[in-house]
Amino acid sequence: MKRLSVILVSFLLYLPLSAQFKGTVYVDTDQSGLFNKGDKPLAGVMVTDGLNVVKTDKKGRFSLPGFDKTRFISITTPAGFETEQFYLSTKENRKSYDFILTESERTKAREHSFIQITDTEVTGGMGRWVTDLQQYVKNEKPAFLIHTGDICYEPGLTMHNQIVNAQTMDCPVYYCIGNHDLVKGSYGEELYESLYGPTWYSFDMGNVHYVVTPIDHGDHPTNYTQKDVYNWLKNDLAMMKKEQALILFNHDLFTASDTFVFKADKEHTLDLRAFNTKAQIYGHMHYNYVRNQNGIYTICTGTLDKGGIDHSPSSFREIKVDGNDNITTQLRYTFIEPQIAIVSPMNNQISAATGDRLPVSVNTYHAQAKTSHVSYILSDIENNQEIAKGNLISLTDWNWSRDIQMPANENGRKLQLTVTSFFNDGKKATATSRFTYQKDFKPATIPGEDWNTLLQNAAHSGGINNSQIKLPLQLQWTANTGSNIFMASPIIAGQKVFIATTDDNIPLNTFVCAFDFNSGKLLWKFRTANSVKNTIAYENGIVIAQDAACNLYALDAESGKLLWKQYIKLNSYPYLTEGITIDKGVVYAGIGAGLSAYDLKTGQTIWINKDWRQREGATTTLTVAGNVLVSGTQWGGLYGNDIHTGKQLWKLSDNGLRNRGASPVYKDGKLWIISSKSFFVIEPQTGKVLQQKELSANLDVTSTPLITEQEIIFGTADRGVFALDKATLFNKWRAETLPSLVYTAPYSTTPQAGVETSPVASQGVIYIGASDGYLYAIDRTTGIIKDKYNLGAPIFSTVAVSGNRMIVCDFAGNVYCFISK
């Protein structure tokens, strides 16, 4: 009797009188997927009822009291284990909530990787991106995949986890709830919970504690509050092992502040820096943006199935955790078949050789697997003799390059270069270039005008100028910046070429670079704190650039030395993807509450806009139209501000001007712009719409129209390049480009043919880069494509011209100087 009393006391210590939920966590030793006598209990596993968090005892047992909102019992899957179901619904009224785990090497390793996808917003079907994602996971073997919300609405919620799950992806798959996943029901998360389980939970892999929390707002009211999430999160984090790192997931950013706290209300906050936090990873914004918030990275990823709201390229993200729990990231672009293009030496051209070295440059990519290596074979065509072979060096995610030492006796001979890309899935892509090797090739150059910003000047009216470029084009030189080039267009000034780069990954390799206009030699590199995503500008020996993290830089054009720096305060989430301009000694930068004017020499603030705030990011470059500064935001509108005071003069948001990424050109006293599905002519002083022409194309691209005497020419998101008759606004011609390699225009996707860049004319020919990776030369009056050059990487940067030379930049980070033969 005494012994029985001891047993009862022991049992009561284990199971409090208030306990409602109990169970055991087992290891599936025989991997049968069923509970068997041989399965072993697992101690130290965290288990929660949504508020309280406990650890299993030596016999794998747990008990939890529950609370008024308990709807699931879930476990924190420990490192080194996997489970087919980490949660059980309390609606089932089980006598025992038992979990079964299997041992897993991929979740045990301290060094591991995972995939983030987000904002797929599937309502009408899943699409080809699923195959690309599935094959990438198969080839690269990440530890897990997570979707950070907006699945979305009832159709998406019902469909998504049937196609993207642990079985179809062959790795653990986790989900977050997004604002569009809060749908009609007894409460907003009801449908989500019935399909995906709890909206807050955690799991461990390697030495990292991963935590998922729900967004605090959405389309329908939630049953949970931030206080509920805070109460659980506090208990969950208290159970972390002392040496563990922390990575957090949510559909939205917790805080734009570098203090980095989770806040339920003024009295209930958690300082996340106290838990060795490495990163918070989110979506929601539909753009790619990495920011170092004083030691904690906040990582936003765009959409893998379509272009982002700010024109971020369609992509998903791979995050790697190293042996010291530090992270690096890499964006991966969907829809790209194994492809390769030799961009130097170009086919049927004279090589751009310097001294005894032949520069070889190749752009290559495959959506479903990484490039393992790129090999080359160089041979003499006449002698059928091999000259050199080896492997190229990776410079960016698209580009592989090398200078090949050349024998002296090959000068003037016809050679053949064959390159092959090898991908991790066993596939290959091969390209061949036949060219004439000429040592120290120096074609004759014709001096030209400076090209100071997008389309030469602050009015963006330089699309037609006095350049002497004629077909065919010859590559004079090429150089690589070491990171991607997005919508920053090159500048030509003082016999230098200036360009800025983008890197939406850790380690944020972002720069403003200067190259010698005649040789392509790198003269200097200035490191910026974040990506420069759009237009830079030059005036009076000073280069100005604005990065995504709201830093404005003034650099000495000769040396690259920082002259001054300003921080642009947006009074909201700090992110800039717009372009700047300079006019008559004044710099115009920022957007919304950060739209401002600065003295070019001193950096002193002249005025700040106080009349309107920004919305989602846009790709607009500021335009000077007489006494009006024209700017705009995506889903907001087009704005005119007084150029001297910053006072708002007008706003246009009707008739499709709300959905717009393009910048206007100011010419003949008018603004000419494309937006949504229409072309507009606008009076700049009043904002009065003088003409509107609706077209059968998606015009939400960054292309600024070229206005000639007879034509209006611009790019589209889905149908290549359009030309309107200037007098009648009737369609004059359309130049068809190929389907985009990467999709950028908001919500555009395969197989649309996008052109984000602006056309530039010379000697009756239009030059324009496209998202299919080609530089096009199009007859201005007929629209006939006279020539095209395959660069093998998307072109989002508008060309710059001077004399008989043209600078072209691609997304692979290459800068090309073409010259008329």
Side-chain angles (χ1 to χ4, degrees), residues 446 448-471 473 489 621 623-626 628 630 662-675 678-685 688-697 699 701-716 719-737 755 757-770 775-787 798-806 820:
I446 299 173
E449 302 171 350
D450 282 355
W451 191 272
N452 290 354
T453 187
L454 172 68
L455 294 169
Q456 194 175 25
N457 55 50
H460 311 316
S461 60
I464 287 186
N465 63 11
N466 296 320
S467 59
Q468 302 297 309
I469 297 166
K470 298 178 182 179
L471 292 174
L473 300 179
S489 295
T621 289
T623 302
V624 173
V628 180
V630 184
S663 313
V665 56
Y666 175 61
K667 192 169 184 178
D668 302 329
K670 302 172 185 177
L671 295 172
W672 314 71
I673 191 171
I674 58 173
S675 181
S678 296
F679 167 77
F680 294 86
V681 181
I682 298 168
E683 207 286 314
Q685 299 300 322
K688 180 181 178 181
V689 176
L690 303 175
Q691 287 179 289
Q692 179 182 355
K693 171 72 173 182
E694 188 169 339
L695 300 168
S696 58
L699 302 182
V701 288
T702 308
S703 186
T704 296
L706 174 70
I707 312 300
T708 74
E709 291 183 2
Q710 290 86 30
E711 300 93 12
I712 302 164
I713 304 169
F714 47 84
T716 73
R719 302 187 63 195
V721 182
F722 269 35
L724 306 181
D725 181 273
K726 189 177 180 182
T728 65
L729 297 187
F730 290 163
N731 288 20
K732 186 171 185 179
W733 53 256
R734 178 169 74 93
E736 208 169 317
T737 59
V755 179
T757 63
S758 305
V760 173
S762 178
Q763 306 297 307
V765 175
I766 302 297
Y767 297 94
I768 191 166
L775 172 68
Y776 287 88
I778 305 169
D779 186 273
R780 198 190 84 188
T781 57
T782 66
I784 294 172
I785 297 174
K786 300 175 73 69
D787 208 346
T798 295
V799 306
V801 299
S802 180
N804 65 336
R805 287 182 286 179
M806 177 169 57
S820 299

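All values reported here derive from a predicted model rather than from experimental measurement. Numbers for residues simply follow the sequence, beginning at 1.
Between the CD atom of Q763 and the CD1 atom of I469 there is a distance of 9.0 Å, given to the nearest 0.5 Å. Atom CZ in F722 sits 13.0 Å away from atom CD1 in I713 (nearest 0.5 Å). Note that the CZ atom of R734 and the OG atom of S696 stand 8.0 Å from one another [nearest 0.5 Å]. Between atom OG of residue S489 and atom CG of residue L454 there is a gap of 5.0 Å, rounded to the nearest 0.5 Å. Interatomic distance, OG of S663 versus CD1 of I674, reported as 9.5 Å (0.5 Å rounding).
By the salt bridge (Lys or Arg N to Asp or Glu O under 4.0 Å) test, K732 is found to be paired with E711, residues two or more places apart in sequence or in another chain being considered. In this view, E709 satisfies the salt bridge (Lys or Arg N to Asp or Glu O under 4.0 Å) rule with no residue, not counting sequence neighbours.
Contact of the W672 side chain with the K667 side chain is registered, since non-hydrogen atoms from C-beta on lie closer than 4.5 Å. The shortest distance between side-chain heavy atoms of T781 and W733 does not fall below 4.5 Å. For the pair V765 and K786, the minimum side-chain heavy-atom distance is below 4.5 Å. In this structure, L455 and T704 have side chains that are in contact, with non-hydrogen atoms separated by less than 4.5 Å. Counting only heavy atoms from C-beta outward, the side chains of I682 and Y666 never approach each other to under 4.5 Å. Side-chain contact between S802 and S467 is absent, with no heavy atoms from C-beta onward closer than 4.5 Å. Side-chain atoms of N731 and L724, non-hydrogen and from C-beta on, do get closer than 4.5 Å to each other. Contact of the Q691 side chain with the L729 side chain is registered, since non-hydrogen atoms from C-beta on lie closer than 4.5 Å.
Shown here for W451 and N465, the closest heavy-atom pair between the two residues is CZ3-ND2, 3.3 Å. Here the closest heavy-atom approach between residue I446 and residue N804 is recorded as N-OD1, 2.8 Å. Residue L695 comes nearest to F679 through the heavy atom pair CD1-CB, 4.4 Å, listed as atom of the first residue, atom of the second, then distance. The heavy-atom pair separating P684 from G669 by the smallest distance is CD-O, 3.4 Å. The minimum heavy-atom distance between G769 and L775, with the atom names listed, is N-CD1, 4.2 Å. When all heavy atoms of P705 and I712 are compared, the closest pair comes out as CB-CG2, 4.1 Å.
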Margin query: Between V681 and K688, does the side-chain contact (heavy atoms from CB on, under 4.5 Å) criterion hold? Intermediate values first, please.
Written below: CA-CA 9 Å; V681 181; K688 180 181 178 181; over 6 Å; no
Margin query: Show, in sequence, the C-alpha distance, side-chain angles and deciding distance for N457 and S461, and conclude whether the side-chain hydrogen bond (donor to acceptor under 3.5 Å, both in side chains) test is met.
Written below: CA-CA 7 Å; N457 55 50; S461 60; 3.1 Å; yes
Next item on the list: Applying side-chain contact (heavy atoms from CB on, under 4.5 Å), run through V760 and L706 and close with a yes or a no.
Entry: CA-CA 7 Å; V760 173; L706 174 70; over 6 Å; no
Item checked: Worked check of side-chain contact (heavy atoms from CB on, under 4.5 Å) between F714 and V721 -> CA-CA 6 Å; F714 47 84; V721 182; over 6 Å; no
Margin query: Using side-chain contact (heavy atoms from CB on, under 4.5 Å), reason through I707 and K726 one step at a time and then give a plain yes or no.
Written below: CA-CA 8 Å; I707 312 300; K726 189 177 180 182; 3.7 Å; yes
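Around the NZ atom of K693, the shell of radius 6.0 Å holds more than 12 heavy atoms that belong to other residues, nucleotides or ligands.
There is a side-chain donor-acceptor pair under 3.5 Å between T623 and H460. For the residue pair E694/S678, the side-chain donor-acceptor check at 3.5 Å is not satisfied. For the residue pair R719 / T737, no side-chain donor-acceptor distance below 3.5 Å is found, with atom types taken as modelled. Using modelled atom types, one finds no donor on one side chain facing an acceptor on the other under 3.5 Å when comparing R805 with Q468. At a cut-off of 3.5 Å, with distance as the only test, a side-chain donor of E449 or N466 sits close to an acceptor on the other residue.
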